[in-house]
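Order of the sequence lines sets the chain letters (A, B, ...), proteins ahead of strands, with each chain counted from 1.
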There are 2 protein chains.
Amino acid sequence: MKSSANPKQPDISVAECGYSRVLEIISNKWTALVIYAMENGSIRYGEMNRIIVGISKKMLTQTVRKLERDGVVQRHITPTVPPAVEYSLTPLGETLLQPMSELRQWGRIHFSHVETARENYDKTNKKDAQSKERS
Amino acid sequence: MKSSANPKQPDISVAECGYSRVLEIISNKWTALVIYAMENGSIRYGEMNRIIVGISKKMLTQTVRKLERDGVVQRHITPTVPPAVEYSLTPLGETLLQPMSELRQWGRIHFSHVETARENYDKTNKKDAQSKERS
DNA sequence: CAGGATCCTTCGGGATACTG
DNA sequence: CAGTATCCCGAAGGATCCTG
């Protein structure tokens, strides 16, 4: 509600930043993995559940539903006796692969640097009360 | 612990995906905004607190500390009478600007599409119990 | 097979008050 | 000015059981 009283820089708001909107879509724990599971085409529910290490059926369903609602994923139901459900990226979903793969690249290239920085930081600031590291 | 029993596709794990590592860094609510606040150079604590709409001092400090620990941000303290603290991106931090701006671009370009998809989804699946939308 | 429903724990993060 | 310290709540997410 408060307009910028400081002309030096524009206000940065969550609402106006396109970035926040993307994070709203892909920032949770499993979404990215689910999208990657579909980057080679259709994949079945159970297959994803096996391939994505550590995900529960609840979280898989929840994640995939949210992505479907956002229009980045589609469901194809084959009404066989045990129902077979296939998931795949929509054209909109495919447009996400590029920017996401850049982030993944960044992680591969720079993450060791980040880990080193963390060790140095923790070494310098000897505070056991923090214990923010996850060996 | 369980190795891939399915040779058709490699396992996708949180631990092995570079993407998850990046999200670990930038996926929380404020990090991206804080980084954007620094993309034009050094900026003071209070200035960020004013520019980033809605952030609390607690969250600003917490976010900036985490980024410092990860090596993407540096602190410069000028020990004047009221201390002046400047924050800026490290070289490592600057490498994040590019992939992040692509995500931001995606949001600007495609988010209206997502909103439309949501409306259609909610219209089709008339379930008030869901109420996942945030007008 | 592909979920839905429930319960329960953890944690992000907001509000407020205090400090060097 | 630039934080730190507490309290507290709602949402994220895991575990378990049930179903068409």
Side-chain angles (χ1 to χ4, degrees), chain A residues 6 13-14 20 23-34 37-38 42-69 73-88 125 127 129-134, chain B residues 6 13-14 20 23-34 37-38 42-69 73-88 125 127 129-134:
Chain A
N6 197 332
S13 80
V14 180
S20 297
L23 285 187
E24 184 185 323
I25 300 175
I26 59 168
S27 74
N28 66 71
K29 186 172 181 179
W30 300 108
T31 306
L33 289 312
V34 169
M38 293 182 292
S42 285
I43 183 172
R44 296 188 56 176
Y45 181 89
E47 180 77 355
M48 297 183 85
N49 197 26
R50 258 172 273 115
I51 282 178
I52 304 175
V53 177
I55 199 170
S56 65
K57 292 203 283 188
K58 174 192 167 184
M59 291 317 295
L60 177 54
T61 300
Q62 184 175 307
T63 303
V64 108
R65 283 283 175 287
K66 183 167 180 267
L67 288 174
E68 189 190 1
R69 186 173 108 99
V73 156
Q74 359 179 220
R75 251 169 44 127
H76 307 276
I77 310 171
T78 310
T80 51
V81 188
V85 182
E86 299 258 343
Y87 289 92
S88 60
N125 310 45
K127 299 202 174 186
Q130 303 289 56
S131 73
K132 287 178 182 175
E133 69 276 13
R134 304 263 174 190
Chain B
N6 196 333
S13 79
V14 180
S20 296
L23 286 186
E24 186 184 321
I25 300 175
I26 58 168
S27 74
N28 68 72
K29 185 172 181 180
W30 299 110
T31 306
L33 289 312
V34 168
M38 292 182 292
S42 284
I43 183 171
R44 295 188 56 174
Y45 180 89
E47 181 76 355
M48 296 183 86
N49 197 26
R50 256 172 274 116
I51 282 179
I52 303 175
V53 177
I55 200 170
S56 65
K57 291 201 282 187
K58 173 192 168 184
M59 291 317 297
L60 177 54
T61 300
Q62 184 175 308
T63 302
V64 109
R65 283 283 176 286
K66 184 168 180 264
L67 288 174
E68 189 189 1
R69 185 174 108 100
V73 156
Q74 2 178 221
R75 254 173 37 131
H76 308 273
I77 310 170
T78 310
T80 49
V81 188
V85 181
E86 298 259 343
Y87 289 92
S88 61
N125 310 46
K127 299 202 174 186
Q130 304 289 57
S131 73
K132 288 178 182 175
E133 68 277 14
R134 305 263 175 192

Student: Within less than 4.0 Å of OP1 or OP2 of D/dT4, is there a side-chain N or O belonging to B/Arg65?
Tutor: yes
Student: Provide, to the nearest angstrom, the distance between the CD atom belonging to B/Gln62 and the P atom belonging to D/dT4.
Tutor: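 For the pair B/Gln62 CD and D/dT4 P, the rounded distance is 11 Å.
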Student: May I ask you to verify whether the side chain of B/Lys58 and the base of C/dG13 hold a donor-acceptor pair under 3.5 Å?
Tutor: yes
Student: For D/dC1, take OP1 and OP2 only and decide whether either is under 4.0 Å from a side-chain N or O of B/Arg44.
Tutor: no
Student: Can you name the closest pair of heavy atoms from A/Val64 and A/Val34 and give their distance?
Tutor: CG2-CG1, 4.1 Å
Student: Counting side-chain heavy atoms from C-beta on, which of D/dC1, D/dG14, D/dG3 comes nearest to A/Trp30?
Tutor: D/dG14
Student: Separation of B/Arg50 atom CZ from D/dA2 atom C1', in whole Å?
Tutor: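 Those two atoms, CZ and C1', are 12 Å apart.
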Student: Would you mind telling me which residue lines up with the more 5' stretch of DNA chain D, B/Pro82 or A/Ser56, judged by nearest nucleotide?
Tutor: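 Closest to the 5' end, via its nearest nucleotide, is B/Pro82.
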Student: With respect to the side chain of B/Ala84, which nucleotide from C/dA2, D/dA2, C/dG13 is positioned closest?
Tutor: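 Side chain of B/Ala84 sits closest to D/dA2.
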Student: Tell me, with the steps shown, if B/Arg75 and B/Arg65 meet side chain to side chain contact (heavy atoms under 4.5 Å, CB included).
Tutor: CA-CA 9 Å; B/Arg75 254 173 37 131; B/Arg65 283 283 176 286; 2.8 Å; yes
Student: I want to confirm an ordering. Mapping A/Gly54 and B/Arg75 to their closest nucleotides on DNA chain D, which one lands closer to the 5' end?
Tutor: B/Arg75
Student: Among the candidates D/dG13, D/dG3, D/dC1, find the nucleotide nearest to the side-chain atoms of A/Asn28.
Tutor: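 Selected nucleotide: D/dG13.
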Student: What nucleotide among D/dC1, D/dG3, D/dG20 has an atom nearest to a side-chain atom of B/Tyr87?
Tutor: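 Output: D/dG3.
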Student: Between C1' on C/dG13 and NZ on B/Lys57, what's the gap in Å once rounded to a whole number?
Tutor: 16 Å
Student: Could you give the NE2-to-P distance, from B/His76 to D/dA2, as a whole number of Å?
Tutor: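 Interatomic distance, NE2 of B/His76 to P of D/dA2: 14 Å.
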Student: Would you call B/Glu47 and B/Arg50 a side-chain contact if the rule is heavy atoms closer than 4.5 Å?
Tutor: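 They are in contact (side-chain heavy atoms under 4.5 Å apart), so the answer is yes.
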Student: Do side-chain atoms of B/Tyr45 reach the backbone of B/Lys57 as a donor and acceptor pair under 3.5 angstrom?
Tutor: yes
Student: Send over the distance from A/Lys66 NZ to C/dG4 C1', rounded to a whole Å.
Tutor: 20 Å
Student: Considering only D/dG13, C/dG13, D/dG3, which nucleotide approaches the side chain of B/Thr61 most closely?
Tutor: D/dG3
Student: State which of C/dG13, D/dC1, C/dG4 makes the closest approach to the side chain of B/Met59.
Tutor: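 So the nucleotide nearest the side chain must be C/dG13.
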Student: Starting at CD1 of A/Ile43 and ending at P of C/dC1, how long is that distance when rounded to a whole Å?
Tutor: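 Nearest whole value for this atom pair: 14 Å.
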Student: Could you pull out the closest heavy-atom pair between B/Thr63 and B/Trp30, with the gap in Å?
Tutor: OG1-CB, 3.8 Å
Student: Return the value, rounded to whole Å, for the distance between atom NZ of B/Lys29 and atom C1' of C/dC11.
Tutor: 14 Å
Student: Could you state the CG-P distance from A/Leu60 to C/dC1, rounded to the nearest angstrom?
Tutor: 14 Å
